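Comments concern the structure below.
Model, not experiment: these values are computed from the prediction. Side chains are part of it too, since the values below use all heavy atoms of this structure and drop only hydrogens, waters and symmetry mates. Note on naming: letters A, B, ... go to the chains in the order of the sequence lines (proteins, then strands), and numbering restarts at 1 for each one.
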Number of protein chains: 2
Amino acid sequence: MTIKHYLPGIMMKDSNETNDLQKAGLKATLPRLKILKFLESTDIRHLSAEDVYKSMLDSGDEVGLATIYRVLTQFESAGLVTRHHFEGGHSVFELNEGKHHDHIVCVKCGKVEEFYDETIEERQHVIADKNGFNITDHALTIYGICSDCK
Amino acid sequence: MTIKHYLPGIMMKDSNETNDLQKAGLKATLPRLKILKFLESTDIRHLSAEDVYKSMLDSGDEVGLATIYRVLTQFESAGLVTRHHFEGGHSVFELNEGKHHDHIVCVKCGKVEEFYDETIEERQHVIADKNGFNITDHALTIYGICSDCK
DNA sequence: TGTCCAAATGCGAAATATTCTCATTCTTAT
DNA sequence: ATAAGAATGAGAATATTTCGCATTTGGACA
């Protein structure tokens, strides 16, 4: 669905999503576009593959579960989403928007808050250097009881 | 198997492991003793339930896989081991000895190094306070390429 | 030390989560 | 529009973990 005809004089691409996919080296297939648009439109930040599958089904966009898994993994490789391994054994995915952050998770209700701490970021690089590693990524998750659950 | 008869004058308990289990509120059953002894004797720090199962089989101590899972979970609750969710989707367990530490994992070869950083520990408490959480635990894993794999 | 009861174990079935296979359908370059 | 290769869908296959239940065991107490 293009809107270029409604904005004469401005040369628009078919959609931001198509473009984002192509920049990521991924063909702009319908399932991928739908999944990306879904991730951008939902206000739930952390979703399992199953969550994505069911939510999309509910809104009438059926995409096979295997494809959801494949596409989310591709999005992860492309840097479009981040995969987290919170407690529970299954992966959850988060659309990468804005800046990097870490998470603090309530072990009672599952609520997830985001935070960013420059000091911690810096220390991690010091630690990686000390151990001879080149950091590719990191995952810091603090677990605790949130104020609602105390 | 007790050794108290060989140390006259010293009142020894049946074994450290039996004692550790009882202090943890767990009956000193044979499978639990074997698993605990195995964890204490191996020099591999991070093991999956399957790893524990197979290694014990190899050394002639067969314990059902379901029991391994149950016992490791109980040990976790009792604070004897820590469960980690490194990349790969399955849990690995680590015997708690010495002090808390975090991990830096090589994404190529899987090597795991431990580190402890007081500054990061402190910042986490500040962050939890700021968000109204009582920390119960935390998991910081840095991912990178180790010096061998560069 | 023998007995008894609750708790623990073993084993296979079931549940979950994720990946794979392969026939069919799209995408995109031409 | 067409062809070649990539992507998808559906279900089978795998991997990991849990569950149900019959049997065994640990340990409190007589």
Side-chain angles (χ1 to χ4, degrees), chain A residues 2 13-15 17-38 46-57 60-78 80-81 83-93, chain B residues 1-2 13-15 17-36 38 46-57 60-78 80-81 83-93:
Chain A
T2 172
K13 311 185 187 67
D14 270 347
S15 80
E17 290 81 13
T18 297
N19 218 239
D20 289 344
L21 289 176
Q22 286 169 346
K23 275 189 291 188
L26 296 169
K27 275 203 242 183
T29 65
L30 212 43
R32 294 209 268 236
L33 281 168
K34 285 180 175 176
I35 293 168
L36 183 52
K37 284 184 182 174
F38 167 73
H46 304 94
L47 299 130
S48 68
E50 188 84 27
D51 291 337
V52 173
Y53 176 71
K54 284 184 182 156
S55 299
M56 290 185 66
L57 246 192
D61 284 319
E62 172 148 22
V63 175
L65 183 55
T67 299
I68 304 269
Y69 274 103
R70 273 186 299 237
V71 169
L72 288 174
T73 300
Q74 291 155 356
F75 282 7
E76 184 193 13
S77 301
L80 296 174
V81 306
R83 181 195 303 254
H84 301 290
H85 300 282
F86 295 155
E87 298 187 321
H90 61 280
S91 301
V92 294
F93 298 85
Chain B
M1 194 172 304
T2 172
K13 310 184 187 66
D14 270 346
S15 80
E17 290 80 13
T18 296
N19 217 241
D20 289 345
L21 288 176
Q22 286 169 346
K23 276 189 293 187
L26 296 169
K27 270 205 251 186
T29 64
L30 211 43
R32 294 209 268 237
L33 282 169
K34 285 179 176 178
I35 294 169
L36 184 52
F38 167 73
H46 303 93
L47 299 131
S48 68
E50 188 83 27
D51 292 337
V52 173
Y53 176 72
K54 285 183 181 155
S55 299
M56 291 185 66
L57 246 191
D61 285 319
E62 173 146 22
V63 175
L65 184 54
T67 298
I68 303 269
Y69 273 103
R70 274 185 298 235
V71 169
L72 288 174
T73 300
Q74 292 155 356
F75 283 7
E76 184 193 13
S77 301
L80 296 174
V81 305
R83 181 196 303 254
H84 300 291
H85 299 281
F86 296 156
E87 298 187 322
H90 62 279
S91 301
V92 294
F93 298 85

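Atom pair H85(A):NE2 and dT16(C):C1' shows a separation of 16 Å (rounding to whole Å applied). Here the C1' atom of nucleotide dT16(D) and the CG atom of L72(B) are 13 Å apart, to the nearest Å. Between the CD1 atom of I68(B) and the C1' atom of dT18(D) there is a distance of 15 Å, given to the nearest Å. Atom-to-atom, CG of L65(A) to C1' of dT16(C) comes out at 11 Å; the value is rounded to the nearest Å. Across the protein-nucleic acid pair, L21(A) atom CG and dC26(C) atom P stand 18 Å apart, rounded to whole Å. In this structure, Y53(B) places its OH atom 15 Å from C1' of dT17(D), rounding to the nearest Å. The interatomic distance linking E50(A) (CD) with dT19(C) (P) rounds to 13 Å, in whole Å. For the pair H90(A) NE2 and dT18(C) P, the computed distance is 7 Å after rounding to whole Å.
Atoms OG1 and NZ, from T29(B) and K34(B) in turn, are 10.0 Å apart once rounded to the nearest 0.5 Å. Note that CZ of F75(A) and CG of L21(A) are 5.0 Å apart. Values are rounded to the nearest 0.5 Å.
A donor and an acceptor atom, one from each side chain of R70(B) and T67(B), are located under 3.5 Å apart.
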Atom pairs, protein N/O to nucleotides 3-9 of chain C N/O, distance under 3.5 Å:
| residue | atom | partner | partner atom | Å |
| --- | --- | --- | --- | --- |
| dA7(C) | O4' | K27(B) | NZ | 3.4 |
| dA8(C) | OP1 | R32(B) | NH2 | 2.9 |
| dT9(C) | OP1 | T29(B) | OG1 | 2.7 |

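The minimum heavy-atom distance between D51(B) and H46(B), with the atom names listed, is OD2-O, 4.4 Å. Across all non-hydrogen atoms, the minimal contact from A78(A) to L26(A) is CB-CD1, 4.4 Å.
Distances shorter than 4.0 Å separate none of the side-chain N or O atoms of Q22(A) from OP1 or OP2 on dT27(C). In this structure, Y69(B) does not reach the dT18(D) phosphate: none of its side-chain N or O atoms is under 4.0 Å from OP1 or OP2.
Considering only heavy atoms from C-beta on, M56(B) comes within 4.5 Å of I68(B) through its side chain.
A donor-acceptor pair is defined here as one N or O able to donate and one able to accept, closer than 3.5 Å; no such pair exists between the side chain of R83(B) and the backbone of S91(B).
Both A28(B) and S48(B) lie close to DNA chain D; mapped to their nearest nucleotides by heavy-atom distance, the more 5′-ward contact belongs to S48(B).
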